[in-house]
Peer 1: 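The structure follows.
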Number of protein chains: 2
Amino acid sequence: MTRRPRIRDVAELAGVAPSTVSVVLNDTAGARVAGSTRDRVRAAAAELGYVPNSFARGLRTRRSGTLAFIGDVIATTPYAGELIQGAQEAAWEAGYLLMLVNTGGDAQLEERAVRALRRQQVEGALYATMYHRAVTLPEVLDGLPTVLLDARPVSGTATFVVPDEQAGAEDAVEELVRLGHRRIAFVRDLHDGPAVDRRQRGYESRLAAHGLELDERLVVRERSDSAGGERAAAVLLDAPDPPTAVFTFNDQMAIGVYRAAAARGVRIPQDLSVIGFDDLYVVSSELTPGLTTMALPHREMGRLAARALIAELDGGEPTGEQLVPCPLVRRGSAAPPHP
Amino acid sequence: MTRRPRIRDVAELAGVAPSTVSVVLNDTAGARVAGSTRDRVRAAAAELGYVPNSFARGLRTRRSGTLAFIGDVIATTPYAGELIQGAQEAAWEAGYLLMLVNTGGDAQLEERAVRALRRQQVEGALYATMYHRAVTLPEVLDGLPTVLLDARPVSGTATFVVPDEQAGAEDAVEELVRLGHRRIAFVRDLHDGPAVDRRQRGYESRLAAHGLELDERLVVRERSDSAGGERAAAVLLDAPDPPTAVFTFNDQMAIGVYRAAAARGVRIPQDLSVIGFDDLYVVSSELTPGLTTMALPHREMGRLAARALIAELDGGEPTGEQLVPCPLVRRGSAAPPHP
DNA sequence: CTGAAAGCGCTTACAG
DNA sequence: CTGAAAGCGCTTACAG
């Protein structure tokens, strides 16, 4: 393997000094180089297949052109890929490359990883969690511009990008009310958390906005998987005054609602409307009927977070909470109730 | 923001020369430094929170400690995250960091991305596609050690890591035969391809191994989505001599088989056994009954590819095709046929 | 309009 | 056992 050409090789071939090559190839502002010289330099660079060495350049300029993506669990959910892809795309568009690290939620590993990333001179970091929750940034990140992704800081003024859970829930309820529903249930997770709290707030506020009374019996807490959704739906459907529509905390719970409905001969959407949350890959589209749901905009969140980080690197101030809308995806599980 | 400490700062604090600091911190082999000196150096480094600059180091050593992960479509499938995560983990274990780039299958963008990665001095590349297919490596990659991931090279001797499709299919058929099935259908994709070809070969060879005749009517070609699976199953179930078991090309087709069976009052697994392929996130576990399927070992593939690449960087020869086993995940859709 | 020189922060033979 | 010096490949004031 022959050695890669250096700037000096290009300079010699073009018959100029290395500094001139640098100025030409970087289009350095304010530098005056004759057009003919520029052409010769560019031709020489192309001929040699010259690729500048970012290390040498970074050593002088103190810029690496790289950003860190630090995730607690990169895979395990189909969302992670979208988050990463969105961030990568926006980084690329701004001329940055992404360095990826997965900490598995291990604090020790995380510290070593951040150290390694800082050695590599990353200019900033995206700190991502795989579902919306509150986190404390590790100390090693101090002094490195950082934007949180799908996570909110326990304290501090850092920029963080999260789904607009409340507006999403409001839109789901709005859709159901618009279709004519008045008894709308909310099937939610057992535990509190940033996502479920805001979704419930959206559910309640939208009901109130329409002058609909909040019936506590229509809010059921269960485990946020399909079995939990099935149990919750069973309670609701077997009650004396069942709801005509169910809004679920996530799509997996909606799967359970489908099962409970099928077991009782309750048809979706004729007898019961269902709206989920997340737009879980394949699942929501493969249910019969397709599940109407609020999409979690992971790709868009990744893009926004990278852009916000780059804006800070360019001298901008942290912008605090950045809410990303969750679009309604209509598929067929929500329809007008029986007359 | 105060400047990061340099090696000179550590040297001054410890009262030694920078070269001594380097030798101590890198545990340079064959260097003799007094224990007390070592302790002083380490203490000074810790006190200052010294993190060596990889650029300066890389400029001298010509090693960056980074690997490229080049993907055609990073997200869009839940598998991508697993592939990336596996690669990242194995890279990390060997002291490498991963730089990520998504080309969206755009050749021009790919070329620019590879150039950017080479500028960043990546030592090698993982070239990943999001499903098993044959690819031609772009020219810009010439001279950079590269391992293909979930892809096979159209030509050349590069190392590539792919699922053992044929063995997976054989194991699926083996499981069905073991349960007592004799009429086993294969529902496959319309088009040929590395994955489907090998799965069919496995299906046929395993039947033959058990002395079972291949009935062409039991091999149905359809679009590889749930609607296609449903149509294929309809044909099979409505035939005069329907199969007692169906092996599908992927899990989405299996969803369709479930639907066709339900529509006909055919119970799974009592009346019909089904085995899928892929172990698609959530889908396979959320079907009722849970889908027995062959898992695509993406995480493991990512790990293997990164390890193979690192082995080449360490002077090893390319190893050609690396097959990764697809484990059988038993969930409940395969059972003995009616007596 | 172009070139010579210094320096970014390390590592590595080499001297002593 | 430890230090001085050169050099990795760039960029950037500065001279001319």
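Below, chain A is the first sequence line, B the second, and so on; all start at residue 1. Hydrogens, waters and symmetry mates play no part in the numbers below; they use all other heavy atoms, side chains included. Because the structure is a prediction, the values reported are computed rather than measured.
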Peer 1: Any chance you could encode DNA chain D as dot-bracket? Rule is Watson-Crick or G-U wobble with both distances under 3.5 Å; [ ] for pairs crossing earlier ones, | for another strand.
Peer 2: |||.||||||||.|||
Peer 1: Run the side-chain hydrogen bond (donor to acceptor under 3.5 Å, both in side chains) test against B/R307 and tell me which residues pass, sequence neighbours left out.
Peer 2: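 Per chain and number, B/R307 pairs via side-chain hydrogen bond (donor to acceptor under 3.5 Å, both in side chains) with no residue.
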Peer 1: Using 4.0 Å as the upper bound for N to carboxylate O, is an ion pair formed by A/R112 and A/D106?
Peer 2: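 A/R112 and A/D106: not salt-bridged.
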Peer 1: Could you state the CD-C1' distance from B/E12 to C/dG9, rounded to the nearest angstrom?
Peer 2: 14 Å
Peer 1: Quick one about A/N53 and A/R6 (side-chain donor to acceptor, distance below 3.5 Å, no hydrogens or angles considered), yes or no?
Peer 2: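 There is no such pair between these side chains.
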Peer 1: Could you check how far CG of A/L25 sits from C1' of D/dG9, rounded to whole Å?
Peer 2: 14 Å
Peer 1: Who passes side-chain hydrogen bond (donor to acceptor under 3.5 Å, both in side chains) against B/Y127, sequence neighbours left out?
Peer 2: B/E110
Peer 1: Generate the contact string for nucleotides 10-16 of chain C. Rules: B means base contact, S means sugar-phosphate contact only, - means no protein heavy atom under 4.0 Å.
Peer 2: BBB----
Peer 1: Flag the pair A/E12 and A/R8 as a salt bridge only when some basic side-chain nitrogen lies within less than 4.0 angstrom of an acidic carboxylate oxygen.
Peer 2: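 Looking at A/E12 and A/R8, the cut-off is not met.
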Peer 1: Please identify each residue that fulfils side-chain hydrogen bond (donor to acceptor under 3.5 Å, both in side chains) with A/R119, with sequence neighbours left out.
Peer 2: none
Peer 1: Reckon B/T37 touches a base, only the sugar-phosphate, or nothing at all at heavy-atom distances under 4.0 Å?
Peer 2: sugar-phosphate
Peer 1: Distance-only criterion, 3.5 Å: show the donor-acceptor pairs between side-chain atoms of residues 41-51 of chain A and protein atoms not counting sequence neighbours.
Peer 2:
none

Peer 1: Choose from C/dG9, D/dA4, D/dG9 the nucleotide whose nearest atom is closest to any side-chain atom of A/R62.
Peer 2: C/dG9
Peer 1: Backbone N or O of B/F55 within a donor-acceptor pair of the A/Q120 side chain at under 3.5 Å?
Peer 2: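 No, because the side chain of A/Q120 does not come within donor-acceptor range (under 3.5 Å) of the backbone of B/F55.
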